[in-house]
Amino acid sequence: GLLQASHLWSNSTLEVGFALEVDVEATLLFAAAAMGLSETPRFSIESVAPRDWVTHVQSNWPPVDIADCLRIKFPWHEADETNLPT
């Protein structure tokens with residue numbers, strides 16, 4: 001189960017986005033208590049500059065080429081004649 005695998009998470013990093021009005025520390029304390037943690041995990045809070053997140057995420061998802069015969073494209077990719085790797 002999840003609790004038995006907790007040692008796998010001892011060196012993990014989790015990045016979470018919250019709205020400005022959310023009390024992040026209270027949310028983390030609540031989550032830690034719900035998981036039965038004896039200590040509050042280390043955390044930091046950083047402000048993130050506004051950006052077009054949809055375009056940012058899409059730019060990190062290029063077409064996927066499989067075995068030089070198949071190209072998987074997402075709806076935001078431009079079409080080409082073959083749709084195959086070049």
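For reference, positions follow the sequence shown, starting with 1. Predicted model, so just to flag it, every value in this text is computed and none were measured.
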Checklist entry - Would Leu70 and Asp65 satisfy side chain to side chain contact (heavy atoms under 4.5 Å, CB included), going step by step from the backbone distance to the final call? => result CA-CA 6 Å; Leu70 174 65; Asp65 295 335; over 6 Å; no
Item to check | Side-chain touch Val57/Trp76, heavy atoms, less than 4.5 angstrom | outcome: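 Sidechains of Trp76 and Val57: no contact.
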Checklist entry - Taking atom CD1 of Ile72 and atom NE2 of His77, what is their separation to the nearest 0.5 Å? => result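 Atom-to-atom, Ile72:CD1 and His77:NE2 are 11.5 Å apart.
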Next on the checklist: Going by the rule side chain to side chain contact (heavy atoms under 4.5 Å, CB included), which residues pair with Ala32 if we only count those two or more places apart in sequence or in a different chain?
Outcome noted: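 Ala32: side chain to side chain contact (heavy atoms under 4.5 Å, CB included) contacts with Leu37, Pro41.
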Item to check | Residues which pass side chain to side chain contact (heavy atoms under 4.5 Å, CB included) with Asp23, listed by chain and number, not counting sequence neighbours | outcome: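 Only Glu25, Ala26 meet the side chain to side chain contact (heavy atoms under 4.5 Å, CB included) criterion with Asp23.
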Item to check | Residues in side chain to side chain donor-acceptor pair (under 3.5 Å) contact with Ser44, at least two apart in sequence or another chain | outcome: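 For Ser44, no residue satisfies side chain to side chain donor-acceptor pair (under 3.5 Å) once neighbours in sequence are set aside.
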Checklist entry - Who pairs with Asp52 by side chain to side chain donor-acceptor pair (under 3.5 Å), at least two apart in sequence or on another chain? => result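 Checked Asp52 against side chain to side chain donor-acceptor pair (under 3.5 Å); matches are Thr55.
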Item to check | Heavy-atom closest contact (Glu78 atom, Lys73 atom, distance) | outcome: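 For Glu78 and Lys73, the tightest heavy-atom pair comes out as O-NZ, 2.8 Å.
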Checklist entry - Under the 4.5 Å side-chain heavy-atom rule for ILVMFWY, direct or indirect, which residues accompany Ile45? => result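 Under the 4.5 Å side-chain rule, Ile45 groups with Leu14, Val16, Phe18, Val22, Val24, Leu28, Phe43.
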